[in-house]
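Quick notes on the structure that follows.
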Number of protein chains: 2
Amino acid sequence: MNIGEVSKRSGLPAKTIRYYEDIGFVTPARGENGYRSFSETDLHKLAFLGRARGLGFSIEDCRTLLALYEDQGRASADVKRVAERNLMEIDAKIADLQAMRATLSHLVESCAGDARPDCPILEDLGRS
Amino acid sequence: MNIGEVSKRSGLPAKTIRYYEDIGFVTPARGENGYRSFSETDLHKLAFLGRARGLGFSIEDCRTLLALYEDQGRASADVKRVAERNLMEIDAKIADLQAMRATLSHLVESCAGDARPDCPILEDLGRS
DNA sequence: ATAAAGGTTCCAGTAAGTGGAAGGTCAAGG
DNA sequence: CCTTGACCTTCCACTTACTGGAACCTTTAT
């Protein structure tokens with residue numbers, strides 16, 4: 001399978017797949033012409049990675065998850081630990097963004113948004 | 001004022017202040033010894049930047065906001081537009097993260113997290 | 001024969017800093 | 001006078017997870 005088909009079937013851009021080869025996630029064989037030749041297993045791994053990344057796992061998390069995925073004897077506790085840490089990080093990000101959102105939407109609401117120069121948003125940012 | 005004091009009073013790391021000089025936000029004078037010498041205005045600008053960044057405005061947004069801040073004749077509508085766009089981006093990020101959170105917390109809850117190898121998290125990530 | 005589509009490598013850039021090395025300067029203590 | 005430690009300087013590399021583009025090669029279709 002050439003990279004184009006893998007890209008279509010995994011949903012990852014070809015550039016990303018080449019990058020994932022660079023960082024050691026897959027090691028496709030090479031044809032005589034130098035083209036990468038992917039196996040079904042490679043495709044499966046790449047799709048796995050795409051889904052894990054979509055859930056906010058970092059590349060390093062993915063490395064761990066992939067190793068666990070391929071280890072038939074792993075304990076589910078190990079996977080759960082990684083997932084829970086990711087969940088906590090996501091919660092922290094959401095909380096940060098919600099705090100930002102609250103302040104900012106308050107400012108936006110209090111700004112007339114017309115042609116006059118006085119603006120509570122700038123006043124707030126500039127308060128000494 | 002040396003960079004250390006500005007750092008303390010603005011809350012920004014000295015490294016960040018030097019970076020902000022690099023990208024043209026401030027242009028402090030230099031003493032005979034080569035040390036940066038900041039004015040009160042510089043300090044005020046840097047504190048403004050720190051607050052704007054804390055609200056999630058990008059560096060480019062900050063450039064716009066700073067220009068508007070220094071333009072006494074600006075229309076508040078111009079500021080509001082930047083703020084509203086930022087708000088919408090924040091909302092989109094929150095929505096993304098909440099979708100991730102929902103899926104992931106569901107998976108975490110369905111995983112026993114014990115020594116056994118079967119793990120719904122990996123099963124889901126590996127579904128073909 | 002040629003053109004389009006797909007493949008290759010490599011270099012550079014993104015956002016917004018952070019870390020660290022090598023070295024100059026300043027104020028205080030002995 | 002010397003040294004120590006805090007503070008300052010520049011410069012280079014690294015971070016995350018890719019993405020864009022140039023220059024070039026191969027395959028397929030017309």
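Chain identifiers are assigned alphabetically (A, B, ...) following the order of the sequence lines, protein sequences preceding nucleic acid strands; residue numbering begins at 1 within each chain.
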[X] [atom1] - [N] [atom2] separation (whole Å):
X	N	atom1	atom2	answer
Leu46(A)	dA17(D)	CG	P	16 Å
Ile17(B)	dT9(D)	CD1	C1'	15 Å
Arg63(B)	dA16(C)	CZ	P	10 Å
Asn2(B)	dA6(D)	CG	C1'	12 Å
Phe57(B)	dG17(C)	CZ	C1'	20 Å
Leu12(B)	dG17(C)	CG	P	8 Å
Glu5(A)	dG6(C)	CD	C1'	13 Å

Pair listing, ring pair (Phe, Tyr, Trp, His ring centres under 6.0 Å) test, anchored in [range], at least two apart:
range	result
residues 108-128 of chain B	none
residues 102-124 of chain A	none
residues 14-40 of chain B	Tyr20(B)-Phe25(B)

Any side-chain N or O of Arg36(A) less than 4.0 Å from the OP1 or OP2 oxygen of dT8(C)? yes
Is there a side-chain contact between Tyr20(B) and the phosphate of dG17(C), meaning an N or O under 4.0 Å from OP1 or OP2? yes
Ile3(B) near the nucleic acid: base, sugar-phosphate alone, or nothing, with a heavy-atom cut-off under 4.0 Å? sugar-phosphate
Over all strands shown, is Arg18(A) touching base, sugar-phosphate only, or nothing at heavy-atom distances under 4.0 angstrom? base
Applying side chain to side chain contact (heavy atoms under 4.5 Å, CB included), name anything that partners Lys93(A), two or more places apart in sequence or on another chain. Leu97(B)
Sub-3.5 Å donor-acceptor pair from the side chain of Arg51(B) to the main-chain atoms of Arg127(A), do we have one? yes
Could you write out each protein N or O paired with an N or O of nucleotides 11-16 of chain D at a distance under 3.5 Å?
none

Is the closest side-chain donor-acceptor distance between Thr64(A) and Asp61(A) under 3.5 Å? no
Pairwise distance SG(Cys111(A)) to CD(Glu84(B)) - rounded to 0.5 angstrom: 8.0 Å
Got a second to check how far Cys119(B)'s SG is from Asp114(B)'s CG, nearest 0.5 Å? 9.5 Å
Are any non-hydrogen side-chain atoms of Glu40(B) and Arg9(B) less than 4.5 angstrom apart? yes
Polar atom pairs (N or O), protein with nucleotides 23-27 of chain C, under 3.5 Å:
from    : atom 1 : to       : atom 2 : distance (Å)
dG24(C) : N2     : Tyr35(B) : OH     : 3.0
dT25(C) : O4'    : Tyr35(B) : OH     : 3.4
dC26(C) : OP1    : Asn33(B) : ND2    : 3.2

